[in-house]
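This structure is a prediction, so every number in the text was calculated from the model and none was measured.
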Amino acid sequence: MIVRTRFAPSPTGYLHIGGVRTALFCWLFARRNGGQFVLRIDDTDQQRNVEAALKPILEGLRWLGIDWDEGPEVGGKFEPYYQSQRADRHRAAAARLVAAGQAYRDYAKTEEVQAEREAAEKAKQQFVYSRRWMAETPEDCARFESEGRQAVVRLKMPREGKLVIPDLIRGDVEFDWAREQDHVVQRADGSCLYHLASVVDDHDMEISHVIRAEEHLSNTPRQIFIAQGLGYELPQYAHLPFVAEPGSKVKLSKRKLDKYLKNKDFAQLVQHGQKIAEAVGLTVDMDTFNPVIVDFYEQVGYLPGAIVNYLALLGWSLDDKTEHFGIPQLVEAFSLERVNKAPASFDPKKLMAFQERHMLEVPAEEKVGLVLPYLEKAGLVPRGDETATIKVRRIVEAAGDRIKVAGDILDYADFFKPDNELSYDEKAFEKRIRKAEDAADLLKKLREVLAGAEAFDAASLDRLVHGFVEAEGINIGQIIHAIRVAATGKAVGFGMFDTLAILGKESCLARIDRALAMV
RNA sequence: GGCCCCGUCGUCUAGCCAGGUCAGGACACAGGCCUUUCAAGCCUGCAGCACGGGUUCAAAUCCCGUCGGGGUCACCA
């Protein structure tokens, strides 16, 4: 049997991190087993601008490297891949269900069923639809229609017996048919509901494994009933635990950002992203710029491989030690048997740890490519400027692992600012230059030493400054902090000699002069 | 509330099916080392089998119950 899995998002305009995890597991399973991964769009007739709402979803998946063998933009032998365009097949299936006696035309009004439901609730009894407006013969139909009623199609669900769903992750899950309702599968206007459509499409597209989030487990009995009524062979089911809120077991939701912001780590993740986004002129609309949505990570400069690695480990593990995976290794190692049952909460800190780990493996040259767009968008570097690229390369190398996400390059924005526009951190200036003993005098002397320097590379500067320190009989700490603040305006940064070398003699002197003038 | 799912350090997890080495790893946290700051790195530490009964020589592991958390109960997807 050929393994075929599918991810079926509805075009909401954004890609939810939990959705990605589901897509990833579907994709990994298909890839691992030499099968196919299908992307189907579960849109509805009501939805407008499907194309626009779909775009971020497709882009997000592609960015992460989750490619689909069939679906939007790539086509496939089971076209169309938009549920709304398959309505005819859904209607035909509904009709077959009715013809087979597995479903019936029901002329009840919504309020009438609702009244029955409420009555049962009031009596603290399980609601069972009376089927009072069920029409099983043409005569019934005619009679109800003469009353001006319209029919929906309801499933004629069994009212006794048990159903066992074999779930690849949860084992056998047992349900009582009697707990199920006569669910509506087709509206009076002929349009069909999700559960019917989904079952029909999965069958038509020859989906072998339905891998989806746990919230669908409770819906599975009715889907099985539909599939059996239609004479389909059942797919294998696997219900994934969902991705939960930080520090909780509640399903992660895009809408509860305010709540998550109270979580220290989550807030930090957002702030870090915001700082970068603002510097490059992105609108930080919380509706889209939100760590629950995948776009966030792309915009801030995370590595797709790091996101995938982290997400894969959220609910799946290979063994007791392996955590670092590239995508090919994940494909190689993935199995549904090792998927956890319990929900896993989203941990911003751990995500960042994976990001750092993956960033370590990016060669400097490649990193320059990742980082450059941020400097360009922030207006610090002109597009396609060769000289600037060389400088960026030197900064990237000197900064090393300090650049955790591509946008972190903006921490070094001061390297690109004109010397007279450099702003000084007031606290650092106070502590390291104004208050530090002899700092200003030493700085003045060192300035002259630097001015006379013949070579301005890091190694030469290292020798030069150490020579100066020795001659003055001081500790290097007594001068180096002062130079740092004078040259960069900040108290922290990467290696001092690298910093001076990258800045160049002219800038260094200009900045020191400026600092001295401010004492 | 009914039904279903789940329950190992703060978090992600290994171990459970085939009971038996101080319950292992990672992130985070704390302390230390290194060091011109920061970051990284290295070392050390802190911290968990939800609870209660069984079964057994022996239970995180098997059985029963309790509690807790979550999901789902639409003419939404």
Counting the atoms with a prime plus P, OP1 and OP2 as sugar-phosphate, which does [X] contact under 4.0 Å by heavy atoms, base, sugar-phosphate, or nothing?
X	value
Glu215(A)	sugar-phosphate
Lys490(A)	nothing
His216(A)	base
Ala482(A)	nothing
Val152(A)	base
Ala491(A)	base
Phe497(A)	base
Gly495(A)	base
Asp401(A)	base
Gly493(A)	base

Would you say [X] places a side-chain N or O within less than 4.0 Å of OP1 or OP2 belonging to [N]?
X	N	value
Asn263(A)	G10(B)	no
Arg117(A)	A74(B)	yes
Lys341(A)	G69(B)	no
Ser317(A)	A14(B)	yes
Ser191(A)	C75(B)	no
Asn340(A)	U13(B)	yes
Arg338(A)	G15(B)	yes
Arg187(A)	C76(B)	yes

Notebook entry, point to check: What is the ring orientation for Phe266(A) with Tyr260(A), classed by angle as parallel under 30°, tilted 30 to 60°, or perpendicular over 60°?
Noted result: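 Perpendicular, since the angle between the ring planes exceeds 60°.
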Does the structure show a Watson-Crick or G-U wobble partner for [N], both distances under 3.5 Å? Name it, or say none.
N	value
U55(B)	none
G68(B)	C6(B)
C29(B)	G45(B)
C73(B)	G1(B)

Whole-Å distance separating the [atom1] atom of [X] from the [atom2] atom of [N]:
X	N	atom1	atom2	answer
Asp265(A)	G10(B)	CG	P	15 Å
Ile479(A)	U36(B)	CD1	P	15 Å
Asp106(A)	C75(B)	CG	P	10 Å
Gln355(A)	A39(B)	CD	C1'	15 Å
Gln114(A)	C73(B)	CD	P	14 Å
His195(A)	C73(B)	NE2	C1'	11 Å
Leu351(A)	U11(B)	CG	C1'	13 Å
Ile474(A)	U36(B)	CD1	P	13 Å

Check: Relative to Phe468(A), does Lys445(A) satisfy both conditions: NZ or CZ under 6.0 angstrom from the six-membered ring centre, and within 45 degrees of the ring's axis?
Finding: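 Pair Lys445(A)/Phe468(A) does not count as cation-pi.
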For [N] and [M], measure between their [atom1] atoms and round to the nearest Å.
N	M	atom1	value
G70(B)	U61(B)	P	25 Å
A28(B)	A47(B)	C1'	11 Å
G1(B)	U66(B)	P	14 Å
G68(B)	C22(B)	C1'	30 Å
U56(B)	G19(B)	C1'	9 Å

[X], nearest nucleotide to its side chain (from [options]):
X	options	value
Val492(A)	C76(B), C38(B), U36(B)	C38(B)
Lys321(A)	G25(B), G7(B), C3(B)	G25(B)
Ser345(A)	A28(B), C12(B), G2(B)	C12(B)

Can you see whether [X] engages [Y] through a side-chain donor-acceptor pair at a distance of less than 3.5 angstrom?
X	Y	result
His183(A)	Gln223(A)	no
Tyr129(A)	Asp106(A)	yes
Glu145(A)	Tyr107(A)	yes

Next item on the list: Start with the C-alpha distance between Phe494(A) and Phe415(A), add both sets of side-chain angles, then the distance that settles ring pair (Phe, Tyr, Trp, His ring centres under 6.0 Å), and finish with yes or no.
Entry: CA-CA 12 Å; Phe494(A) 48 75; Phe415(A) 279 96; 5.6 Å; yes
Margin query: Distance criterion of 3.5 Å, no angle test: do you see the side chain of Ser218(A) paired donor-to-acceptor with the base of C3(B)?
Written below: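 When only heavy-atom distances are counted, Ser218(A) does not reach the base of C3(B) through any donor-acceptor pair under 3.5 Å.
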Notebook entry, point to check: Near Lys249(A) NZ, under 6.0 Å, is it more than 12 heavy atoms from other residues, nucleotides or ligands?
Noted result: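 It does: Lys249(A) NZ has more than 12 such atoms within range.
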Check: Roughly how far, to the nearest 0.5 Å, is CG of Leu336(A) from OH of Tyr237(A)?
Finding: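 Rounded to the nearest 0.5 Å, the OH-CG separation comes out at 15.0 Å.
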